[in-house]
Engineer: 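Structure in structure tokens, see below.
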Amino acid sequence: MADVTYREALRQALDEELDRDPDVFLMGEEIGRFEGSYKVTAGLWAKYGAERVRETPISEEGFVGAGIGAAMMGLRPVIEIMTINFILVAMDQVVNHAAKIRYMFGGKVGVPLVIRTPGGAGAQLTAQHSQSLEAWFAGCPGLKVVAPATPADAYGMLKTAIRDDDPVLFCENLVLYNLTGPLPEDGDGAIPIGRAAIPREGTDLTLVAHSYTVQRALRVADRLSQDGISVEVVDLRSLRPLDVDTVAESVRKTNRVLVAEEGWSTYGVGAELAARLQRVCFDDLDAPVERVGQAEVPMPYAKPLELAALPLESKIEAAARSLLAECGL
Amino acid sequence: MSEELTMPRLSDTMEQGTIGRWLKREGESFHEGDVIAEIETDKATMDFQAYEDGTMLRILVADGESAPLGAPIAIIGAEGEEVPDDAPAAASANGDGGAEKPAGEGEAAEPEPQTEEQAPVATATEAAPSNGAPADGGGLRASPIARRMADAGGLDLRTLAGKGTGPDGRIVKADVERALASGANAGPAAPGTPQPPGEGDEVRELTPMLKAVARRMAESKASVPHFYVSSEIDMTRALELRAELNEALADSGEKVSVNDLIVRACAQALLQHPQAHRSYVDGHHVYHAHANIGIAVALDDGLIVPVLRDADSKGVRQLAVEIRDLVTRARDGKLRQSEIEGGTFTVSNMGMFDVAAFSAIINPPESTILAVSSTVERAVVRDGAVVPREIMSVTLSCDHRACSGADGARLLQTVKRHLEAPTLLLA
């Protein structure tokens, strides 16, 4: 099968799930006739009609709430929030309702809801439209939070998310939409939530990332390999549940670990991993856990400042080299 | 105003202290000069006196627990005063009694500074041989994997001290790999290689005293160049003198021991041989004006050396009385700090254990120590005839930086002469 884009992989997964299960329906702003701001729902309104590909007003709190209600009644809504920045106005629905209803109703009512939403930065969309907030949600019990980095994972994990009986926040990334890669040639392709992947093996350093930062990490690993440094890249794929076992196994091999993420480091994914790893891998570490994230500022507009704030490959590479230098490599 | 009491410095070598027990409980008041706690240092149990009148508001370090010098151990103030919210919480969770009193709002996360302070102090005192994580404190920085690999490879990380290539000289994995590859771990296991306890074995913490003994003896044997001079002393006449003295003193209740006579002989000899009565300190010789003689006293599980000051100026009777008092209080743990420091020479007498010979480790900065073995009746030749005599074997350990072999031999010769012609002891 020819390579497809991440965007197309998502579209195919939605198409196949809409086709497979009549309870699945889509909801979001401009996802119908306009086919979505990022064209992820291209062709689906035409194919499944306005009943199952529902357009909404600009009212995130309202349509996330409607999705929760529909999910409680047995449907499987897949909601698109145009970017993760706009989920903030629906925070109460996500955190206080979707995440808690199963617990507060004695386990008798679940919310089989998927919220798809892209984060990311780099297009001078400035402070309010350049955020990667997934770590906030990954700290919330009751939610599953995934952030695939490849077309195959996006395809397989979206299917699994739709079939999950509890709410899943499905984090995409604006820069990833045009990334191409293969999809599985046969079978359903569903990929379980909660398992990290190792797209590149190595022995000197474990570089952990999720979403678009995985692609950056792979390029950093390429560059370092030219200097004889062998980097193992771990793609978390899922932030909650977090597959610490896979990361720990890698760290036991390399003894060094750097966590890179597009969001802010403070209280971020790297912070969580550092806490977990110092417990399970204490005696395996040759240096403190290191992390790289966005500069601790709201994203600036000016291009040079935006570049300075982003966790670019050059920063990840510099952090990796510095960590390895501490270890005599 | 409430104030903190901190762990006082009660001896020169003390780095932490253990609360033997509190004599004032929370809520009790006391006057200036009252003993409010007994504190065990590395050497002795000392009374901790109040500097001023006050009331015990909160005990921070419970009976039996330790704290580094300067760490808060209690809060005192006026009767009925509330302990301020920002006061330190109890240092340890496993204390009993008052130390369990919960800290004020917002303090729960505060004990770290104390534990952080404690760890390096405890470890700097006891340079533990293991490569285990905190045991070598500030002196040895190594990454966890470096420690683990060194342990597994039988490599004593201390051999890499100062050679680490990580930040601030941290020993990292690569350093250990190089050391292991170069065979630094070859040969017999390093002295510090830890052995896992066997089945049924019990691992116990050392008391402060045993830690101090372990540290000081290891330092001495590792850094002081010891040599040994042995001799046999005919104690027949000394024993006769002792019997005579004790008979004469019977009514007074005083008693003179063989050891008292040996101490007297040593005190006299030391003054005659200044080259065997000096200490090597930082490239200098310190000549001692007075013979302050330490008497090694074995405890149930421990060792302490009370010091008899100015032994050279004291007669046998006075020596006997003072030594008996020191030894009794040593066994009761009631020595004052001033009574266990300042020695210039030590006598270690194991005569009561039926030992033929042994040698002792010097107690720095002293430069000599006399090991005294049992006195036994033996057949010896005197004036061409075989006669029974009471023979005692002694070995003098000397610091070669302070005295030569001849200096040591001369000192021993004089001790021998005084004990074999014991009227000299009375001179």
Side-chain angles (χ1 to χ4, degrees), chain A residues 201-208 224-225 227-232 234 244-259 266-267 270-292 318-329, chain B residues 108-109 112 115-116 119-120 123 128-138 140-185 192-196:
Chain A
E201 293 193 1
T203 54
D204 295 330
L205 172 70
T206 297
L207 179 46
V208 187
L224 290 171
S225 73
D227 292 336
I229 296 167
S230 168
V231 176
E232 178 148 309
V234 177
V244 178
D245 288 348
T246 296
V247 184
E249 197 177 321
S250 174
V251 173
R252 287 190 191 105
K253 181 169 69 168
T254 65
N255 308 123
R256 300 156 196 124
V257 56
L258 169 64
V259 186
T266 301
Y267 299 99
E272 180 63 26
L273 273 173
R276 307 266 196 124
L277 291 172
Q278 59 85 22
R279 167 58 57 188
V280 297
C281 289
F282 182 77
D283 285 317
D284 299 288
L285 290 171
D286 201 25
V289 177
E290 193 53 270
R291 52 197 175 129
V292 173
R321 286 187 187 278
S322 164
L323 192 157
L324 290 164
E326 282 190 11
C327 302
L329 292 179
Chain B
E112 284 92 329
T115 48
E116 275 179 5
T123 54
S130 153
N131 293 326
D136 27 32
L140 188 60
R141 300 162 63 91
S143 74
I145 187 69
R147 291 177 193 279
R148 209 185 73 190
M149 288 173 66
D151 274 345
L155 172 71
D156 184 350
L157 267 189
R158 288 173 299 183
T159 61
L160 295 180
K163 297 176 194 162
T165 59
D168 300 324
R170 182 191 298 147
I171 299 165
V172 293
K173 181 183 174 188
D175 300 320
V176 175
E177 281 172 343
R178 274 192 293 274
L180 290 174
S182 72
N185 58 329
T193 304
Q195 292 289 328

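Within every chain, numbering begins at 1; the chains are lettered A, B, ... in the order of the sequence lines, protein sequences first and strands thereafter. Just so you know, these numbers use all the heavy atoms, side chains as well, and skip hydrogens, waters and symmetry mates.
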Engineer: For A:Glu326, which residues count as a salt bridge (charged side-chain N to carboxylate O under 4.0 Å, His left out) partner, sequence neighbours excluded?
Structural biologist: B:Arg170
Engineer: Is the shortest side-chain N to carboxylate O distance from A:Asp284 to B:Arg148 below 4.0 Å?
Structural biologist: yes
Engineer: Checking A:Asp286 side chain against B:Lys173 main chain: does a donor-acceptor pair fall under 3.5 Å?
Structural biologist: yes
Engineer: Show the nearest heavy-atom pair for residues B:Ala174 and A:Cys327, with the distance to one decimal.
Structural biologist: CB-O, 3.6 Å
Engineer: Considering only heavy atoms, which portion of A:Asn255 lies under 4.5 Å from any heavy atom of chain B: side chain, backbone, both, or neither?
Structural biologist: side chain
